[in-house]
Undergrad: 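Right, I'll just put the structure down here and ask away after.
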Amino acid sequence: RPARRRRMILLLLSHVLGNRTLSAAVHDAVQRAAAARGVGPTAVAPVDSAAFRRARVPALARRVAALVAAAVYAQVAREAVAASGRPRAVVVTSWEGLVGARTVLPGVPCLVATDGTPRNALELPVLTPAPRWRRLAQRALAAYPSFRFGREARTGAAFLAMSDWAAGSLRRDYGVAAERVRVVGAPVDTGWWTPPDEPRPLPARPTLLFVGNDFARKGGDLLVELMR
């Protein structure tokens with residue numbers, strides 16, 4: 001097998017919703033690091049809406065969103081391996097990506113950039129009222145993806161966590177060794193989010209716009225503290 005394929009790094013990057021910014025930052029960072037260390041080349045396989053449309057997801061898995069995502073990651077990984085060969089390492093941008101990548105590439109080291117874990121997801125506030133039986137059913141359905149993630153997370157995976165909350169869950173809930181978890185914070189595209197060249201005067205009471213479904217999880221409290 002050609003040496004370039006033995007050294008190839010596969011980037012399975014989610015381009016769905018808010019993950020696009022994370023994926024762009026991870027892509028740039030991996031490309032720079034690979035070039036500096038002579039580790040390349042890299043192969044980029046986007047996990048986008050088109051991948052979800054063409055994915056063949058088993059009927060039972062369709063009941064659980066996490067299993068659908070993992071199946072899509074697995075299919076994209078399969079396509080990438082067929083096109084570029086077996087990689088030396090895989091980089092993914094979600095915990096579902098880890099499960100999907102390991103389905104196709106067992107034993108290949110994975111770097112996972114993530115904003116949370118399956119256990120974190122269960123801690124989020126309920127935004128849509130639902131009967132208690134449905135909430136219990138959802139928790140039960142989430143048990144298997146959480147188990148699969150834990151099994152893969154403890155073997156040959158390293159994590160870039162966007163918060164202490166996510167890092168704590170990796171260590172506490174899934175037994176990931178502390179040295180395999182690093183808190184890096186959420187990336188920001190400074191090419192887009194850049195202050196204007198000429199500062200504008202601020203009103204006596206500035207107005208902050210928050211976009212998200214959980215003020216604390218998205219760092220709203222930290223923003224308020226910094227503004228003070």
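These numbers come from a predicted model, not from an experiment.
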Undergrad: Given the rule in the side chain to side chain contact (heavy atoms under 4.5 Å, CB included) test, do Trp165 and Asn120 qualify, once you have shown the distances and angles that lead to the verdict?
TA: CA-CA 8 Å; Trp165 179 58; Asn120 286 147; 3.3 Å; yes
Undergrad: Can you list the residues that meet the salt bridge (charged side-chain N to carboxylate O under 4.0 Å, His left out) rule with Asp173, with sequence neighbours excluded?
TA: Arg119
Undergrad: Show me the donor-acceptor pairs within less than 3.5 Å that the side chains of residues 140-151 make with the rest of the protein, sequence neighbours left out.
TA:
unit_1	atom_1	unit_2	atom_2	d
Ser146	OG	Tyr174	OH	2.7
Arg148	NH2	Thr103	OG1	3.4

Undergrad: With Thr114, which residues qualify under side chain to side chain donor-acceptor pair (under 3.5 Å), at least two apart?
TA: none
Undergrad: Using the side chain to side chain contact (heavy atoms under 4.5 Å, CB included) criterion, which residues pair with Ser23? Sequence neighbours excluded.
TA: Leu13, Ser14, His15, Thr93
Undergrad: Might you point out which heavy atoms bring Pro46 and Val76 nearest each other, and give the distance in Å?
TA: O-CG1, 3.9 Å
Undergrad: For Glu179, enumerate each residue passing the salt bridge (charged side-chain N to carboxylate O under 4.0 Å, His left out) test, keeping only those at least two apart in sequence or located in another chain.
TA: none
Undergrad: Working to the nearest 0.5 Å, report the span between CG of Leu111 and CG of Leu160.
TA: 4.5 Å
Undergrad: List the atom of Ile9, the atom of Ala34, and the distance in Å for their closest heavy-atom pair.
TA: CD1-CB, 4.5 Å
Undergrad: Where do Pro106 and Arg86 come nearest, in terms of heavy atoms and distance?
TA: O-NH2, 3.2 Å
Undergrad: Nearest 0.5 Å please: distance from the CG atom of Leu22 over to the OG atom of Ser94.
TA: 9.0 Å
Undergrad: With Ala43, which residues qualify under side chain to side chain contact (heavy atoms under 4.5 Å, CB included), at least two apart?
TA: Met8, Leu10, Ser84
Undergrad: Go through the structure and list residues passing side chain to side chain contact (heavy atoms under 4.5 Å, CB included) with Arg32, not counting sequence neighbours.
TA: Asp28, Ala29
Undergrad: Any idea which heavy atoms bring Gly100 and Tyr73 closest together, and the distance?
TA: CA-CB, 4.0 Å
Undergrad: What is the minimum heavy-atom distance between Val104 and Ala74, and which atoms define it?
TA: CG2-O, 3.2 Å
Undergrad: State, yes or no, whether a side-chain contact exists between Val81 and Pro87 at a heavy-atom distance under 4.5 Å.
TA: yes
Undergrad: For Arg154, look at atom CZ and say whether over 12 heavy atoms of other residues, nucleotides or ligands are found less than 6.0 Å away.
TA: yes
Undergrad: Drop me the distance from Thr155's OG1 to Arg180's CZ, to the nearest 0.5 angstrom.
TA: 8.0 Å
Undergrad: Asp48: which residues meet the side chain to side chain donor-acceptor pair (under 3.5 Å) condition with it, sequence neighbours left out?
TA: none
Undergrad: Indicate the atoms forming the closest heavy-atom contact of Trp95 with Gly116, along with that distance.
TA: CD1-O, 3.5 Å
